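Everything numeric here is computed off the predicted structure, so don't read it as measured data.
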Amino acid sequence: MQQTMSRCRILPLSIFLCFVSLFFCTESFTHQNGVVPSFDPSYSSPLLVKKDQRTSVVATEFGNISAVQIGDGYHIQFITLEPNALLLPLLLHSDMVFFVHTGTGILNWIDEESERKLELRRGDVFRLRSGTVFYVHSNEKLRVYAIFNVGKCLNDPCLGAYSSVRDLLLGFDDRTLRSAFAVPEDILRKIRDATKPPLIVNALPRNRTQGLEEDKWQSRLVRLFVSVEDVTDHLAMKPIVDTNKKKSRTFNVFEEDPDFENNNGRSIVVDEKDLDALKGSRFGVFMVNLTKGSMIGPHWNPSACEISIVLEGEGMVRVVNQQSLSSCKNDRKSESFMVEEGDVFVVPKFHPMAQMSFENSSFVFMGFSTSAKTNHPQFLVGQSSVLKVLDRDVVAVSFNLSNETIKGLLKAQKESVIFECASCAEGELSKLMREIEERKRREEEEIERRRKEEEEARKREEAKKREEEEAKRREEEKRRREEEETERKKREEEEARKREEERKREEEEAKRREEERKKREEEAEQARKREEEREKEEEMAKKREEERQRKEREEVERKRREVQERKRREEEARKREEERKREEEMAKRREQERQRKEREEVERKRREEQERKRREEEARKREEERKREEEMAKRREQERQRKEREEVERKIREEQERKREEEMAKRREQERQKKEREEMERKKREEEARKREEEMAKIREEERRRKEREDVERKRREEEAMRREEERKREEEAAKRAEEERRKKEEEEEKRRWPPQPKPPEEI
């Protein structure tokens, strides 16, 4: 039982804490930090659509239609018809609930039973069902605000709120239409070729005496959806005859008694109990008129979302977001924005709100609630506050206050629903402007900080680039020196190779001369000795060749000593050659026999050498042929790559040309948008300057009043001081008189006691 009682006490306490959070988040207007006004160009509230943000649907000289999309399901259209204009027949794809803001006109539509007509006046509320075909003719300038429940489209592309009857008919082919209407082919060709009229046209009177064939098929086309007599009657300005007053009755918000009214304003709600046409609909209609310096108390709607349109004046709207229910210290606990005539603002259900009017003008707005059933707003303050329903002890514990304080809090406000709130909207706007300036200042500081960081980063990047360039320069210098060193080494090696080849040629020349000499000394003696000498020479040549190869290997390591080494080798070769010549001269006699054998050997080697050279020549020719083929293939490949590069370059040039054209178009569009933004910014600055001047005038007026109050208070204090001074003087005079009377009485008493009594002796 105790647990049950505990749960019963905890549940209302938790509900109350939510209400209290909502109340304080809404009432503490002087301590809002997370509010961004909607008229700041850099801020876009999801709950507000400004008048200039509407989407244009139709615009002609006879009228226009603009639209606002609310989420995925609701679509609002603002229909304006100039005097004697006609909105052509439309087929509704969803329910349409509308409110007549200004003007008069005639509404014609058809339902399951028959055609209907309705005279529209300022303040009328009515509903047309999905699937209805209707058209409107204006007498005076007519402005109608309508809401459609389009939902999420099931087809692609979406159908939208309605379709033109003409477009529906012309969607069929000629054969189908000719069979359906029984008209000649030339008639259908005329309607196909005719220019499509705009959705809103001028309603000029028609000539009823025409008897052409075209009138017949036009009558048949129109009769499918509306009675042709209705159209001609409206165009001819015939009076309206209401055949079914009950089903064609509208609800006029200006002719009916308001649901609530006091000195601060009035409000009225239209639901299915007030208007039969709203039965089965998802929308209701309401209108609120706040007098100067008043406010609708903080409240929320438990069963409907409100979509409001400002009809007259300006005002401030405060909406508490749901994420603020847990704590009032949330940075985005509420949104506050200023609205003016033509703006649309939305308040979801369960979101507490408060609307305030300025002291210099009233604030009138109407709207659509997303429920046609009776909605019971829950107010947080006033005589109808939900806080009064809760147990006062629970409320006191929740606020951590005494019962007497809570009692004074709840009984202080004697009004309900709409309260007097002098300068609330002005104070709210002033705070919002200060917050805007503070936010702009923070943004400028942030921009300056980022600029400094970017400047420092740029400097660091430049220093880094300089270091990289210096390192790159050093690397290039190093690479250049290495290349020069490599080139020098190559030149030295090439010179060494050339010197070696020269030396070989000289040796071959010497050998050839030696052979000639040997041939001339063919008859010389001592062939054996010459053979031995030749062998020795070959051994020496082999050694010299080995020595040369060794020296070539050492050439890379000993480049500085190359010239000296070469001279030394040449000197040694010269000496060896001289020694050899001396030995040959001495061995001529022994050489004859050896030379014969040597000639045979030389002849054999010569033949072998010739065969080897022939084979090398053939191999060289084959290699040259292969190189020529490779060169041809390489040239063909280069030609193909060249063509591919030219094709790629051509495509790149075309792409660059296209991008330049797109960039030019983009720059022109940006320039146009920039001019529009500058014009809007200029208008907003002028408006803000005007508001600031008004605010300064109000501040000066308040300062003047404050000084007057201070003068009055000062005079009152001076009079009070003078009064107290006079009272003090009177008291002093009374005291003096009392003292004189006391002295007189003592003197009389002293006289009566004569002679005087002796004084007692003083104690020592």
Let me know which of Glu359, Glu428, Lys698, Glu702 forms a side chain to side chain donor-acceptor pair (under 3.5 Å) with Ser423.
->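 Option passing the side chain to side chain donor-acceptor pair (under 3.5 Å) with Ser423: Glu359.
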Side chain to side chain, [X] and [Y], heavy atoms closer than 4.5 Å:
{"X": "Leu87", "Y": "Tyr135", "result": "no"}
{"X": "Phe358", "Y": "Met316", "result": "yes"}
{"X": "Leu278", "Y": "Phe251", "result": "no"}
{"X": "His299", "Y": "Gln355", "result": "yes"}
{"X": "Ile296", "Y": "Met353", "result": "no"}
{"X": "His101", "Y": "Phe78", "result": "no"}
{"X": "Thr291", "Y": "Ser357", "result": "no"}
{"X": "Leu128", "Y": "Tyr162", "result": "no"}

With sequence neighbours excluded, give me every side-chain hydrogen bond (donor to acceptor under 3.5 Å, both in side chains) pair touching residues 54-67.
->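 The answer is none; no pair qualifies.
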Salt-bridge contact [X]-[Y] (side-chain N to carboxylate O under 4.0 Å):
{"X": "Arg434", "Y": "Glu437", "answer": "no"}
{"X": "Asp95", "Y": "Arg282", "answer": "no"}
{"X": "Glu701", "Y": "Arg705", "answer": "yes"}
{"X": "Arg672", "Y": "Glu676", "answer": "yes"}
{"X": "Glu255", "Y": "Arg121", "answer": "yes"}
{"X": "Glu462", "Y": "Arg458", "answer": "yes"}
{"X": "Glu454", "Y": "Arg450", "answer": "no"}
{"X": "Glu453", "Y": "Arg449", "answer": "yes"}
{"X": "Arg660", "Y": "Glu657", "answer": "yes"}
{"X": "Lys683", "Y": "Glu687", "answer": "no"}
{"X": "Glu446", "Y": "Arg442", "answer": "no"}
{"X": "Arg682", "Y": "Glu679", "answer": "yes"}

Are Tyr74 and Phe283 near enough that their ring centres are under 6.0 Å apart?
-> yes
For the side chain of [X] and the backbone of [Y], is there at least one donor-acceptor N/O pair under 3.5 Å apart?
{"X": "Ser308", "Y": "Gly367", "value": "no"}
{"X": "Asn289", "Y": "Gly265", "value": "no"}
{"X": "Asn252", "Y": "Arg122", "value": "yes"}
{"X": "Asp259", "Y": "Val269", "value": "yes"}

With Val136, the side-chain contact (heavy atoms from CB on, under 4.5 Å) member among Leu88, Asn108, Leu81 | Leu81
side-chain contact (heavy atoms from CB on, under 4.5 Å) partner of Ile70, chosen from Thr370, Val346, Leu47 =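 Going through Thr370, Val346, Leu47 one by one, the side-chain contact (heavy atoms from CB on, under 4.5 Å) with Ile70 is satisfied by Val346 alone.
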Given salt bridge (charged side-chain N to carboxylate O under 4.0 Å, His left out), test Glu448 with Arg451 step by step and report yes or no.
-> CA-CA 5 Å; Glu448 182 66 19; Arg451 187 188 64 77; 2.4 Å; yes
Nearest-0.5 Å distance that lies between atom [atom1] in [X] and atom [atom2] in [Y]:
{"X": "Gln378", "Y": "Ser385", "atom1": "CD", "atom2": "OG", "value": "10.0 Å"}
{"X": "Gln673", "Y": "Lys666", "atom1": "CD", "atom2": "NZ", "value": "10.0 Å"}
{"X": "Glu340", "Y": "Lys51", "atom1": "CD", "atom2": "NZ", "value": "8.5 Å"}
{"X": "Leu120", "Y": "Ile106", "atom1": "CG", "atom2": "CD1", "value": "7.0 Å"}
{"X": "Glu314", "Y": "Glu341", "atom1": "CD", "atom2": "CD", "value": "9.5 Å"}
{"X": "Leu86", "Y": "Phe62", "atom1": "CG", "atom2": "CZ", "value": "11.0 Å"}

With sequence neighbours excluded, what pairs up with Cys305 under the disulfide (SG to SG under 2.5 Å) test?
-> none
Could you go step by step and tell me if Leu48 and Val317 meet the side chain to side chain contact (heavy atoms under 4.5 Å, CB included) rule?
-> CA-CA 10 Å; Leu48 175 65; Val317 180; over 6 Å; no
How about [atom1] on [X], more than 12 heavy atoms from neighbouring residues, nucleotides or ligands closer than 6.0 Å, or not?
{"X": "Glu420", "atom1": "CD", "result": "no"}
{"X": "Asn263", "atom1": "CG", "result": "no"}
{"X": "Lys141", "atom1": "NZ", "result": "no"}
{"X": "Arg266", "atom1": "CZ", "result": "no"}

Go through the steps for Thr132 and Met96 under the test side chain to side chain contact (heavy atoms under 4.5 Å, CB included), then give the verdict.
-> CA-CA 9 Å; Thr132 300; Met96 170 183 173; over 6 Å; no
Take Glu671 and Arg667, measure what side chain to side chain contact (heavy atoms under 4.5 Å, CB included) needs, and give me the verdict at the end.
-> CA-CA 6 Å; Glu671 185 66 22; Arg667 283 199 293 269; over 6 Å; no
Phe363: ring-ring contact (aromatic ring centres under 6.0 Å, His included) partners, not counting sequence neighbours | Phe365
Who are the ring-ring contact (aromatic ring centres under 6.0 Å, His included) partners of His75, not counting sequence neighbours?
-> none
Here the pair of heavy atoms bringing Pro89 nearest to Val133 is CB-CG1, 4.4 Å
Might you point out which heavy atoms bring Cys424 and Met356 nearest each other, and give the distance in Å?
-> CB-SD, 4.0 Å
For the pair Met366 and Val288, evaluate side chain to side chain contact (heavy atoms under 4.5 Å, CB included) and give the outcome as yes or no after the intermediate values.
-> CA-CA 6 Å; Met366 62 80 54; Val288 177; over 6 Å; no
Residue set satisfying side chain to side chain donor-acceptor pair (under 3.5 Å) with Asp343, at least two apart, ordered chain then number -> Lys50
Who pairs with Glu445 by side chain to side chain donor-acceptor pair (under 3.5 Å), at least two apart in sequence or on another chain?
->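 Applying side chain to side chain donor-acceptor pair (under 3.5 Å) to Glu445 gives Arg441.
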Between Arg658 and Glu662, is a salt bridge (charged side-chain N to carboxylate O under 4.0 Å, His left out) present by the stated rule, with each step listed?
-> CA-CA 6 Å; Arg658 183 183 62 80; Glu662 291 178 353; 2.3 Å; yes
